[in-house]
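Atom set for the values below is all heavy atoms of this structure, side chains included, hydrogens, waters and symmetry mates excluded.
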Amino acid sequence: MKRAAASSAFRSLLSSTFSRNLHVSGEGRKVVSEKKKIVGVFYKGNEYAKLNPDFVGCVEGALGIREWLESQGHQYIVTDDKEGPDSELERNLPDAHVVISTPFHPAYVTAERIKKAKNLELLLTAGIGSDHIDLKAASAAGITVAEVTGSNVVSVAEDELMRILILIRNFLPGYHQSVNGEWNVAGIAHRAYDLEGKTVGTVGAGRIGKLLLQRLKPFNCNLLYFDRIRMDPGLEKEIGANFEEDLDAMLPKCDVIVINTPLTEQTRGLFDKDKISKCKKGVLIVNNARGAIMDTQAVADACSNGHVAGYSGDVWFPQPAPKDHPWRYMPNHAMTPHVSGTTIDAQLRYAAGVKDMLDRHFRGEDFPEQNYIVKEGQLASQYR
């Protein structure tokens, strides 16, 4: 989408949501009177904030909703300062009604923080994935947790496909040669392969996993997926993917493994030394799901000893990743900061989604059902 078109689409979405927030009565237009304190935690745009008017996912952009919120008398605090007892987030929690965060710069809302936030009603994720929140504590406290389901699934699936190609074609050594003034074809070609004919397995086939499988079909790969729910047979046939009931049985079949499962109590640390040892020697792994699904040191060791031939992703634990994080220094990696789901297009979608849910919340209306992670004390099925 061109910038002008994206801007127009976003303004249209915001305008539509704004018009719903004003309802007509016998006295004319009337705004819901109860005022709220909303705290937003996003990454800083710094010098890049002014380069694109659609860059709304940063502190400076503030999801494009500051004027709308403040025009109704709500207080809107936006910060990137989220760690420690003296952080701006911590200082504003006690009287906050709503906290908005993103997976890209997550505000870790622990049980301890929830206890301090006596007025907290709603925790919103601008994007998808709410594992930065203690969901059991939120549920026990009667706090609603929701996210903008589907807002960046295309963005993440496209990024995963890119990372598969970067790893399988051994792209990064060639790039570094170009930057460093070198020319050594053998240093690249000795471990560069075609994607065609390879077996690619996704651990999880929800919205992102399905989109990835659909995008892989033209490459003529052997496609496998493991998930707690088997997809519709018609879609399975259309995509050409085969269902695997046993993860441990799928892993040694795969040349490439993509992690597409949410972070839950069951998946935290799932890929430890034992699980990785079940993978084929020389496997390539892509993980844009959550860093904590992997055992950090086990991944670094497997890359170092060659059992894993390449690892790429944009998710770490914690985030931002410390400078001494082992994944920064392991061989054959193609890691980046957490960026796959925060393209400009994705930002416009999740900003509009957050605004829509705030509008509904102020009016006492339900959200789209698929957006709920915690509703009336009940966790969404994927987190149970």
Side-chain angles (χ1 to χ4, degrees), residues 128-129 131 149-150 152-168 193-272 274-294 299 308-315 340-341 370 380-384:
I128 55 175
D131 46 89
T149 298
N152 53 13
V153 293
V154 169
S155 313
V156 176
E158 288 183 357
D159 188 272
E160 289 176 341
L161 178 57
M162 174 190 73
R163 291 174 190 274
I164 291 170
L165 290 168
I166 283 172
L167 289 178
I168 207 161
Y193 296 88
D194 295 340
L195 181 54
E196 185 175 39
K198 303 302 185 292
T199 297
V200 182
T202 175
V203 182
R207 291 177 176 86
I208 296 171
K210 288 186 181 75
L211 287 173
L212 174 66
L213 291 170
Q214 289 170 335
R215 282 154 176 74
L216 283 167
K217 184 179 180 181
F219 287 89
N220 297 319
C221 303
N222 178 30
L223 301 177
L224 306 177
Y225 75 96
F226 169 80
D227 198 279
R228 61 192 178 89
I229 301 174
R230 187 167 185 170
M231 68 177 71
D232 177 80
L235 180 60
E236 192 176 87
K237 183 178 180 180
E238 177 188 330
I239 295 173
N242 294 307
F243 177 64
E244 294 281 335
E245 294 183 8
D246 185 343
L247 176 59
D248 287 351
M250 184 182 83
L251 294 179
K253 301 176 184 178
C254 296
D255 302 297
V256 181
I257 294 168
V258 186
I259 312 300
N260 274 313
T261 186
L263 177 62
T264 66
E265 291 182 3
Q266 290 72 37
T267 62
R268 186 178 295 275
L270 174 64
F271 277 78
D272 55 12
D274 177 65
K275 193 69 73 179
I276 292 172
S277 73
K278 291 179 168 62
C279 300
K280 179 187 294 189
K281 182 175 173 58
V283 69
L284 304 174
I285 299 177
V286 172
N287 178 17
N288 279 3
R290 287 296 182 266
I293 294 170
M294 318 301 288
V299 170
V308 172
Y311 184 90
S312 183
D314 68 337
V315 287
S340 64
Q370 69 270 19
S381 60
Q382 66 266 36
Y383 286 100
R384 290 175 195 161

* Does a donor on one side chain sit under 3.5 Å from an acceptor on the other, for Tyr311 and Asn287? ->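 Checked: Tyr311/Asn287 side chains pair up, N/O donor to acceptor below 3.5 Å.
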
* Do Asn288 and Glu160 get their side chains close enough for a donor-acceptor pair, meaning under 3.5 Å? -> no

* To do: List the steps and the verdict of salt bridge (charged side-chain N to carboxylate O under 4.0 Å, His left out) for Lys275 and Asp248.
  => CA-CA 8 Å; Lys275 193 69 73 179; Asp248 287 351; 2.7 Å; yes

Determine whether a donor-acceptor pair (N or O, by modelled atom type, separation under 3.5 Å) exists between the side chain of [X] and the backbone of [Y].
| X | Y | answer |
| --- | --- | --- |
| Thr267 | Pro262 | yes |
| Asp194 | Gly197 | no |
| Lys217 | Leu212 | no |
| Thr202 | Gly209 | no |
| Arg163 | Gly313 | yes |
| Tyr225 | Met231 | yes |
| Asp227 | Ala205 | yes |
| Asp159 | Ser340 | no |
| Asp255 | Thr199 | yes |
| Arg268 | Thr264 | no |

Within the structure provided, determine whether [X] and [Y] are in side-chain contact (heavy-atom separation under 4.5 Å).
| X | Y | value |
| --- | --- | --- |
| Arg207 | Gln370 | yes |
| Arg290 | Asp131 | yes |
| Leu247 | Lys278 | no |
| Val200 | Leu224 | no |
| Asn222 | Asn242 | yes |
| Met250 | Cys279 | no |

[atom1]/[X] to [atom2]/[Y] distance, rounded to the nearest 0.5 angstrom?
| X | Y | atom1 | atom2 | answer |
| --- | --- | --- | --- | --- |
| Ile128 | Thr149 | CD1 | OG1 | 7.5 Å |
| Ser277 | Leu251 | OG | CG | 9.5 Å |
| Asn220 | Leu223 | CG | CG | 9.5 Å |
| Leu216 | Glu196 | CG | CD | 12.5 Å |
| Ile293 | Thr261 | CD1 | OG1 | 5.5 Å |
| Ile166 | Leu284 | CD1 | CG | 12.0 Å |

Closest approach of [X] to [Y] (non-hydrogen atoms, all atoms of both residues):
| X | Y | value |
| --- | --- | --- |
| Leu195 | Ile164 | CD1-CG2, 3.9 Å |
| Ala157 | Leu211 | CB-CB, 3.7 Å |
| Leu213 | Ala241 | CD1-CB, 4.1 Å |
| Arg228 | Ser381 | NH2-OG, 3.5 Å |
| Ile276 | Phe271 | CD1-O, 3.8 Å |
| Gly282 | Ala309 | O-CB, 3.3 Å |

* Asked: Under the side-chain contact (heavy atoms from CB on, under 4.5 Å) criterion, do Ile257 and Val203 qualify, and how do the steps go?
  -> CA-CA 7 Å; Ile257 294 168; Val203 182; 4.0 Å; yes

* Go through the steps to decide whether Phe226 and Asn260 satisfy the test side-chain contact (heavy atoms from CB on, under 4.5 Å), and finish with yes or no. => CA-CA 10 Å; Phe226 169 80; Asn260 274 313; over 6 Å; no

* State whether Arg230 and Glu245 are salt-bridged, where the test is any N-O pair (Lys NZ or Arg NE/NH1/NH2 against Asp/Glu carboxylate O) under 4.0 Å. => no

